[in-house]
Amino acid sequence: ETGVTQTPRHLVMGMTNKKSLKCEQHLGHNAMYWYKQSAKKPLELMFVYSLEERVENNSVPSRFSPECPNSSHLFLHLHTLQPEDSALYLCASSQEASGGEETQYFGPGTRLLVL
Amino acid sequence: EDQVTQSPEALRLQEGESSSLNCSYTVSGLRGLFWYRQDPGKGPEFLFTLYSAGEEKEKERLKATLTKKESFLHITAPKPEDSATYLCAVFQGAQKLVFGQGTRLTINP
């Protein structure tokens with residue numbers, strides 16, 4: 001266990017549904033991240049939060065909406081998704097928020113299927 | 001634009017057969033190169049960080065090395081439990097990691 005948990009582990013949703021992914025880190029870190037991992041493609045950074053402020057939005061469509069209520073929790077709200085959004089969504093955290101080369105620790109991921 | 005390329009895409013070895021995985025990168029001013037291991041259906045597990053050319057790090061049967069243009073992950077006498085996808089990433093600044101596509105390693109008993 002890395003100290004980063006994600007729920008749910010698996011999610012199936014229709015294109016008109018609204019759902020949320022949850023991530024919690026128990027490492028006392030200050031930065032949290034959302035990544036998307038699709039088959040045959042490298043991990044794609046979606047969002048970065050540093051001390052609960054969003055510092056990076058990597059050209060992600062507005063149907064993905066992140067929320068970071070505190071430094072331990074991160075959510076990804078999903079609405080009107082497309083089938084091509086089906087992927088493994090990974091949460092990660094790192095110690096510092098200063099932009100240093102801190103190791104990122106990943107959760108187990110949420111496997112999302114959009115029908 | 002920063003790029004990370006891993007080769008081979010897939011590698012199949014017999015148990016005990018040593019080999020190396022390659023990660024080549026183009027980045028201005030490398031500030032860190034990371035190796036992760038990922039098992040199917042799981043998140044990446046951190047292995048090593050390398051910061052400067054000539055640096056080496058070891059963990060059990062794995063050794064990571066770094067030059068100015070590439071990194072190698074050497075696996076010595078691998079076991080079936082070493083089967084996984086190995087990911088390389090470079091630090092781009094502002095907490096951004098750029099990942100390669102990974103090498104899928106299979107060790108046959």
Side-chain angles (χ1 to χ4, degrees), chain A residues 1-7 9-10 21 23 25 27 29-51 53-59 87-113, chain B residues 1-10 21-53 55 57 59 64 66 71 84-104:
Chain A
E1 294 295 328
T2 64
V4 181
T5 59
Q6 292 186 243
T7 55
R9 294 295 311 278
H10 302 273
L21 309 185
C23 175
Q25 59 96 0
L27 301 170
H29 289 168
N30 292 320
M32 296 187 77
Y33 312 77
W34 280 117
Y35 285 88
K36 175 183 178 182
Q37 188 174 35
S38 305
K40 305 292 186 182
K41 294 177 70 176
L43 269 76
E44 302 172 59
L45 179 66
M46 299 176 72
F47 301 104
V48 180
Y49 274 82
S50 175
L51 295 171
E53 296 291 325
R54 191 190 310 179
V55 297
E56 183 71 31
N57 178 344
N58 215 25
S59 302
L88 181 67
Y89 288 85
L90 291 160
C91 174
S93 70
S94 65
Q95 177 68 45
E96 294 293 335
S98 61
E101 305 87 343
E102 295 294 333
T103 299
Q104 294 182 18
Y105 294 90
F106 286 82
T110 294
R111 174 69 63 186
L112 173 66
L113 178 62
Chain B
E1 183 180 321
D2 297 343
Q3 285 194 320
V4 180
T5 304
Q6 292 188 246
S7 61
E9 186 175 318
L21 314 182
N22 177 264
C23 171
S24 62
Y25 60 89
T26 55
V27 61
S28 53
L30 180 70
R31 294 171 61 187
L33 184 142
F34 298 79
W35 281 99
Y36 287 85
R37 168 193 170 129
Q38 186 173 24
D39 293 301
K42 296 187 177 182
E45 174 189 344
F46 170 71
L47 293 174
F48 304 109
T49 309
L50 301 167
Y51 292 104
S52 57
E55 189 175 359
K57 289 194 176 173
K59 180 181 179 180
L66 181 65
S71 176
T85 295
Y86 290 85
L87 303 173
C88 171
V90 296
F91 186 76
Q92 195 181 37
Q95 295 125 333
K96 293 177 70 173
L97 281 180
V98 177
F99 280 85
Q101 287 191 296
T103 293
R104 190 173 65 255

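Chain naming here is simple, since letters A, B, ... match the order of the sequence lines and numbering starts at 1 in each. Every heavy atom of this structure was used, including side-chain atoms; hydrogens, water molecules and symmetry mates were not.
- Judged purely by distance below 3.5 Å, without hydrogens or angles, the side chains of A/S94 and A/Y33 pair a donor atom with an acceptor atom.
- Within the 4.5 angstrom heavy-atom criterion, only side-chain atoms of A/Q37, from C-beta onward, approach chain B.
- For chain A, the nearby part of B/Q38 is the side chain; its heavy atoms alone come within less than 4.5 Å.
- In this structure, chain B has heavy atoms under 4.5 Å from both the backbone and the side chain of A/L43.
- For the pair A/Q6 and A/Y89, the tightest heavy-atom approach, listed with the atom from each and the gap, is NE2-O, 3.0 Å.
- In this structure, CE in A/M32 is found 14.5 Å from OH in A/Y105, a value given to the nearest 0.5 Å.
- The CG atom of B/L97 sits 8.0 Å away from the CG atom of A/L45 when rounded to the nearest 0.5 Å.
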